[in-house]
Amino acid sequence: MSANDIYLCRCENLTLADLHRLIDEGYIHLEEIKRLSRCTMGPCQGRTCRDVIAREIAKKRKIDVTEVEVPTFRAPTKPVKLGALAAGAEDA
């Protein structure tokens with residue numbers, strides 16, 4: 001199995017090879033990688049992939065995973081139907 005076959009973020013199709021390429025290009029922070037690849041921005045909002053990607057960044061950079069800055073979740077932290085937002089507080 002090659003790095004092209006290992007998906008780290010299934011929502012946004014980020015592979016291990018994609019992540020390694022971004023790190024090799026100098027993007028070493030998860031926030032930078034998120035903005036370039038959209039990883040952690042899919043339907044799961046990073047609940048499935050964020051920690052896996054952070055571990056891979058640490059492994060590639062040869063640092064402890066606690067040194068990887070992980071972006072915080074921003075509201076909403078789970079999918080919300082647009083109708084619920086459009087309805088407003090009094091209609092909900």
Measuring from [X]:[atom1] to [Y]:[atom2], what's the distance to the nearest 0.5 Å?
X: Gln45; Y: Arg50; atom1: CD; atom2: CZ; result: 10.5 Å
X: Glu12; Y: Asp18; atom1: CD; atom2: CG; result: 12.0 Å
X: Leu36; Y: Leu22; atom1: CG; atom2: CG; result: 6.0 Å
X: Thr40; Y: Leu8; atom1: OG1; atom2: CG; result: 12.0 Å
X: Cys9; Y: Leu16; atom1: SG; atom2: CG; result: 13.0 Å
X: Ile6; Y: Leu14; atom1: CD1; atom2: CG; result: 12.0 Å

Count the heavy atoms of every other residue, nucleotide or ligand shown that sit under 6.0 Å from CZ of Arg10, and state whether that count exceeds 12. no

Take Lys34 and Glu31 through the side chain to side chain contact (heavy atoms under 4.5 Å, CB included) test and state the conclusion after the steps. CA-CA 5 Å; Lys34 173 184 171 180; Glu31 185 66 36; 4.2 Å; yes

Is there a path from Met41 to Val68 through hydrophobic residues (I, L, V, M, F, W, Y) whose side chains come within less than 4.5 Å of each other? no

Suppose we screen for side chain to side chain contact (heavy atoms under 4.5 Å, CB included). Which residues come up paired with Glu69, at least two apart in sequence or across chains? His29

Measure the shortest side-chain to side-chain distance between [X] and [Y] over non-hydrogen atoms and say whether it is less than 4.5 angstrom.
X: Arg55; Y: Lys59; answer: no
X: Lys60; Y: Asp24; answer: yes
X: Ile28; Y: Ile57; answer: no
X: Leu19; Y: Ile23; answer: yes

Considering non-hydrogen atoms only, spot the tightest contact between Tyr27 and Ile33 and give its length. O-CD1, 3.5 Å

